[in-house]
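Since we're looking at a predicted model, the values are computed, not measured. Letters A, B, ... mirror the listed sequences (proteins, then strands); counts begin at 1.
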Protein chains: 2
Amino acid sequence: MSNATIYDVAGAAGVSLATVSRVLNNPEKVKEETRQRVLKVIKELGYRPNVIARGLASRKTTTVGVVISDITRASVAEMLGGISDIAQNYHYSIKLFAIREDMDVIDTLHDIVAEQVDGVLYLNDELNENRVEDIKRMFNSNGIPFVFANVVSDDPDVPTVSIDYEKAGYEITKLLINDNRKNVYLLSTARRYSVNDKKEAGYVRAMEEAKLEPKIFRTSGDTNINRQHFSTFFSDKKIDAAIGVRDSIAVSFMNIARDNGRTIPKDLAVAGFQNTKYALLSRPNLTSIDVPVYDIGAVSMRLLTKLMNQKDVDNIRISLPHYIVKRQSTN
Amino acid sequence: MSNATIYDVAGAAGVSLATVSRVLNNPEKVKEETRQRVLKVIKELGYRPNVIARGLASRKTTTVGVVISDITRASVAEMLGGISDIAQNYHYSIKLFAIREDMDVIDTLHDIVAEQVDGVLYLNDELNENRVEDIKRMFNSNGIPFVFANVVSDDPDVPTVSIDYEKAGYEITKLLINDNRKNVYLLSTARRYSVNDKKEAGYVRAMEEAKLEPKIFRTSGDTNINRQHFSTFFSDKKIDAAIGVRDSIAVSFMNIARDNGRTIPKDLAVAGFQNTKYALLSRPNLTSIDVPVYDIGAVSMRLLTKLMNQKDVDNIRISLPHYIVKRQSTN
DNA sequence: CTGAAAGCGCTTACAG
DNA sequence: CTGAAAGCGCTTACAG
């Protein structure tokens, strides 16, 4: 039963509650001797300050809200790991807000504001620029610092942590072109995400630079990308390379290609994005862009703590390095 | 700026704050007419009660703590999805507590208690029975309801939501035995999890029933299960079937088997647990036990709400149905 | 059905 | 360096 209150501690230590509070929050303001005495009592009683009461009095909850649009996305868990590790270092708690398709985002944001979090981390795209502006306005008008993690936005006032997806798209395409592939397809998603738009832009840039025709194929689904969609693909089209905007799309496509008699990578080179476990479990192993998802989470959280503590931040738009992991699905 | 307080609402509506509070919490106690007036003002002012103040006054935070040992585990994200959906229905918030290897669990539990959550969901094990007892004692002594999700424990007083892993282990083994496989291996983890112990028990039961010798092979790692570990495996051992306690282990093993010239499923049948995306992206597709992870999350959360509201709960140990998804890796 | 008042467990100026 | 007091924004008996 560690339900001792600050009054109990004050009483047992023979000091006022103000002093106990100071020992916890501004120890340097308390005489060494008094502090030791109070600390001893705190330990004996197993006292832990009630964070709710503290939150009300100080108007700081040491809690950050983490908004997630699609919680089942593979990257989310790892990003949460990074966020959580840093949050623990800074003694912040994490409140999770999972947004479902059927929910009104703005309404959820109002809820988050009512939850009195000190800051917000907004994860993982599917956001267009308008949405980003709405969110920015909402949090700004309530004075709540926020950081977008793994979201792409061109607004210079919006704090973001991500990788340079355009460059990544360019580089992976370049890799295939340099392998003398002429008909390189980009397999993207039917739904438009800002992140995938960037990948596409990089892909297009590399193709045009090489005087090749960009060919973007949009698929819905993921692990089971529409087989029908692809059934005529191999008879109709000339294709010697494909890039999936996600590993799962790339692996899925690679499997279908093999079912259609293509040898990987001889006939067809395939690459993906994110370097997930899928890339390692596929045969052949998939070449993929490694996105430092954990780091994106960790760095966003660190940036957010700075913003919450009104530290001067030199750069609110952080781009983390990525690299290509070359495996057997390409030469 | 939705920072109107209850005072503002009371003032604008010409009532006391007690009445505003009642409109929010016990609307039936307020005269229709008054209620409408207050509701109108609430809307106009965009008032949302400060949940921290409410938490302090009512001693209920409508927040549940979710404890996660390994957040990167594939099942966690989906379970969180189930938890989150139900939590939203009941208007509970979720606070995340990720436990790292290097952390003292009991200390974390103390923190959670200090956070004043109304209840706790404990996910996804690596727990042995002693640990379960510690946790149970801790929360009981603080009067905090809790539910273990996807954790196996034999203590009848511990609320758990899971599937019958012993039975699942039995059934999948039986499937292989009925296909006339004689040398069925179980590929388990080096570390002992209660969940895997159950799978093993079911496997052993099926093997012994069939007068076959159980052979359990423990591996560390996962996606890249130790190749050296297995290098001599296929020359030394007679094996015509293998069950991985996780899909990733099964797929990884299947890949190595194929590298060693085995044809799946003719020479070697392989099955996994969890029916993750890995099972779908592997070639051949993996037969696997479907564990209703989302449902486990959802049902745990529902059970927890009952416990938090001291509803009579007839059954605090819920076992959800599972089934075998048969694919090409077995006959 | 409604209001005045106490209280939830802290923090934080303000004095001293 | 320490304490008395006000206040954070709510809820909840208690009266009426």
Side-chain angles (χ1 to χ4, degrees), chain A residues 1-39 41-42 45-63 91 93 113-118 142-143, chain B residues 1-39 41-42 45-63 91 93 113-118 142-143:
Chain A
M1 292 294 256
S2 63
N3 42 22
T5 72
I6 196 170
Y7 296 97
D8 302 326
V9 175
V15 295
S16 75
L17 45 162
T19 298
V20 179
S21 177
R22 279 189 208 100
V23 168
L24 260 21
N25 302 308
N26 303 95
E28 72 284 0
K29 292 190 177 170
V30 180
K31 197 177 18 165
E32 172 69 20
E33 189 190 315
T34 319
R35 198 196 321 162
Q36 293 308 334
R37 186 150 39 95
V38 172
L39 250 18
V41 175
I42 287 179
L45 267 50
Y47 167 71
R48 308 233 170 182
N50 177 324
V51 295
I52 301 298
R54 169 181 283 178
L56 183 58
S58 69
R59 322 185 102 292
K60 296 227 166 277
T61 55
T62 50
T63 298
H91 299 103
S93 299
V113 172
E115 293 272 0
Q116 310 294 122
V117 295
D118 293 347
N142 286 93
Chain B
M1 291 294 255
S2 64
N3 44 20
T5 72
I6 197 169
Y7 296 97
D8 302 325
V9 176
V15 296
S16 74
L17 45 161
T19 298
V20 179
S21 177
R22 278 188 208 102
V23 168
L24 260 22
N25 301 308
N26 303 96
E28 72 285 358
K29 291 190 178 171
V30 180
K31 196 172 24 160
E32 172 69 21
E33 191 190 314
T34 319
R35 198 195 321 160
Q36 292 310 334
R37 186 149 40 94
V38 173
L39 249 18
V41 174
I42 288 179
L45 268 50
Y47 167 70
R48 306 234 171 181
N50 177 323
V51 297
I52 301 298
R54 169 181 283 179
L56 183 58
S58 69
R59 324 185 102 292
K60 294 227 167 275
T61 55
T62 51
T63 298
H91 299 103
S93 299
V113 172
E115 294 270 1
Q116 310 294 123
V117 295
D118 292 347
N142 286 93

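Residue A/Asn50 places no side-chain N or O under 4.0 Å from the OP1 or OP2 atom of C/dC10. The shortest distance between the side-chain N/O atoms of A/Ser16 and the OP1/OP2 oxygens of D/dA4 is not below 4.0 Å. Dashed line: the shortest gap from a side-chain N or O of A/Thr19 to OP1 or OP2 of D/dG3 is under 4.0 Å. The shortest distance between the side-chain N/O atoms of A/Arg59 and the OP1/OP2 oxygens of C/dC10 is not below 4.0 Å.
Considering only side-chain atoms of A/Arg54, the nucleotide from C/dT2, D/dT12, C/dT11 that sits closest is C/dT11. Set against C/dT12, C/dC8, D/dT11, the side chain of A/Ala18 has C/dT12 as its closest nucleotide. Among the nucleotides D/dT11, C/dC10, D/dG9, the one closest to the side chain of A/Tyr7 is C/dC10. The nucleotide whose nearest atom lies closest to any side-chain atom of B/Thr34 is, among C/dT11, C/dT2, D/dC1, C/dT2.
Atom CD of B/Glu33 and atom C1' of C/dT2 are 13 Å apart (whole Å). Atom-to-atom, CG of B/Leu17 to P of C/dG7 comes out at 16 Å; the value is rounded to the nearest Å. The separation between A/Gln116 atom CD and D/dG9 atom C1' is 9 Å, rounded to whole Å. We find that CG of A/Leu56 is positioned 13 Å from P of C/dC8, with the value rounded to whole Å. For B/Ile6 and D/dC8, the CD1 to P distance is 14 Å, given to the nearest whole Å. B/Leu45 has its CG atom 14 Å from the P atom of D/dG9, to the nearest Å. Rounded to whole Å, atom C1' of C/dT2 lies 16 Å from atom CD of B/Glu32.
In this structure a side-chain-to-backbone donor-acceptor pair under 3.5 Å is missing from B/Arg48 to A/Ala114. Distance alone, capped at 3.5 Å, places no donor-acceptor pair between the B/Thr61 side chain and the B/Gly55 backbone.
Between the side chain of B/Arg22 and the base of C/dG3, a donor-acceptor pair under 3.5 Å is found.
Among the protein residues, A/Val15 comes within range of the sugar-phosphate backbone only, with heavy atoms under 4.0 Å from sugar or phosphate atoms but none that close to a base. Residue contacts for A/Lys29: at a heavy-atom cut-off of 4.0 Å it reaches a base atom on one of the strands shown. Contact annotation for A/Ser58: backbone-only contact, meaning every heavy-atom pair under 4.0 Å involves sugar-phosphate atoms and none involves a base.
Residues B/Arg54 and B/Thr62 form no side-chain contact, since every pair of their non-hydrogen atoms from C-beta on lies 4.5 Å or further apart. Counting heavy atoms from C-beta on, the side chains of B/Asp118 and B/Thr63 never come closer than 4.5 Å. Here the side chains of B/Ile6 and B/Tyr47 are in contact, with some heavy-atom distance below 4.5 Å.
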* Full working for side chain to side chain contact (heavy atoms under 4.5 Å, CB included) between A/Val9 and A/Leu45 -> CA-CA 7 Å; A/Val9 175; A/Leu45 267 50; 4.2 Å; yes
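Across every strand in view, D/dC1 sits in a pair with C/dG16 that passes the Watson-Crick or G-U test at under 3.5 angstrom.
For the pair A/Ala53 and B/Leu24, nearest-nucleotide mapping onto DNA chain D gives the more 5' position to A/Ala53.
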